[in-house]
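Shown next, in structure tokens, is the structure this report addresses.
In this text the structure is predicted, and so the values were computed from the model without any measurement.
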Amino acid sequence: QVQLVESGGGLVLPGASLSLSCAASERTFMRYAMGWFRQAPGKEREFVAAISGVTELTSYAESVKGRFTISRDKAKNTLYLQMNSLTPDDTAVYYCAARSHPAISTMSGSYDSWGRGTRVTVSS
């Protein structure tokens, strides 16, 4: 399995922006689909955004569409999540995930590798 390490979390005010990064240990996985999921306190892990391999199609949860952008830099083996107009409802631990298949997926069970997560807190 590929090693994934997230960074960029923190405490921000409502309306602020934050950019998360996910460094992958193997360049191979950058050819396959990757995604971001999040888990808020007391809630189940939920899909946030995903990007497919090869064609780099993207998919977003309705709750973040228009505010979050997923992207990756294959030369740097890094996946990003740009988050704008953050609200308290975005407070969660954010996880990066990779799957050994190029097709995009919103299902957490289809991902093979996971990072340990980075905490995002949106509060005034």
Side-chain angles (χ1 to χ4, degrees):
Q1 291 184 336
V2 69
Q3 303 258 337
L4 302 171
V5 180
E6 303 95 335
S7 62
L11 171 63
V12 296
L13 294 170
S17 297
L18 205 58
S19 180
L20 305 183
S21 299
C22 172
S25 63
E26 296 182 15
R27 189 176 296 276
T28 302
F29 266 75
M30 299 307 287
R31 297 203 298 264
Y32 298 116
M34 298 187 73
W36 287 98
F37 291 77
R38 67 186 182 186
Q39 187 165 16
K43 295 187 178 180
E44 300 208 347
R45 189 172 299 187
E46 65 174 1
F47 168 75
V48 175
I51 186 167
S52 68
V54 185
T55 59
E56 301 207 331
L57 295 173
T58 58
S59 177
Y60 297 92
E62 284 298 321
S63 60
V64 307
K65 199 172 289 185
R67 299 188 299 123
F68 290 12
T69 302
I70 188 171
S71 63
R72 64 177 162 194
D73 186 332
K74 293 182 177 179
K76 295 182 178 180
N77 280 7
T78 302
L79 180 74
Y80 301 98
L81 183 69
Q82 177 64 39
M83 305 185 294
N84 298 327
S85 302
L86 287 163
T87 76
D89 287 340
D90 296 314
T91 295
V93 176
Y94 284 72
Y95 296 91
C96 168
R99 65 189 304 242
S100 53
H101 192 282
I104 204 167
S105 174
T106 64
M107 307 298 293
S108 60
S110 66
Y111 287 81
D112 308 301
S113 302
W114 292 83
R116 293 188 173 184
T118 185
R119 185 175 301 276
V120 173
T121 303
V122 184
S123 176
S124 56

Give, for atom [atom1] of [X] and atom [atom2] of [Y], the distance between the pair rounded to the nearest 0.5 Å.
X: T58; Y: I104; atom1: OG1; atom2: CD1; answer: 6.0 Å
X: Q82; Y: S21; atom1: CD; atom2: OG; answer: 9.5 Å
X: R119; Y: L11; atom1: CZ; atom2: CG; answer: 11.5 Å
X: C22; Y: L4; atom1: SG; atom2: CG; answer: 4.5 Å
X: F37; Y: T106; atom1: CZ; atom2: OG1; answer: 7.0 Å
X: L57; Y: I51; atom1: CG; atom2: CD1; answer: 8.5 Å

Worked verdict on R99 versus Y111 for side-chain hydrogen bond (donor to acceptor under 3.5 Å, both in side chains):
CA-CA 4 Å; R99 65 189 304 242; Y111 287 81; 5.5 Å; no
R38 and V64: side-chain contact (heavy atoms from CB on, under 4.5 Å), yes or no, with the steps?
CA-CA 12 Å; R38 67 186 182 186; V64 307; 4.0 Å; yes
Evaluate the side-chain contact (heavy atoms from CB on, under 4.5 Å) criterion for residues F68 and D90: first the C-alpha distance (whole Å), next the side-chain angles of each, then the deciding distance (0.1 Å), finally the verdict.
CA-CA 11 Å; F68 290 12; D90 296 314; 3.8 Å; yes
State plainly whether the residues E6 and R116 are in salt-bridge range, i.e. N to O under 4.0 Å.
no
Without swapping roles, check the side chain of S85 against the backbone of R67 for a donor-acceptor pair under 3.5 Å.
no
Using a 3.5 Å distance criterion without hydrogens, assess whether the side chain of W36 forms a donor-acceptor pair with backbone atoms of Y80.
yes
Taking atom CD of Q3 as the centre, report whether more than 12 heavy atoms of other residues, nucleotides or ligands fall under 6.0 Å from it.
no
Side chains of [X] and [Y], heavy atoms from C-beta outward: is any pair under 4.5 Å?
X: V120; Y: M83; value: yes
X: Y95; Y: S108; value: no
X: V122; Y: P14; value: yes

What closest approach, in Å, do M34 and L79 show between heavy atoms, and which atom pair accounts for it?
CB-CD2, 4.0 Å
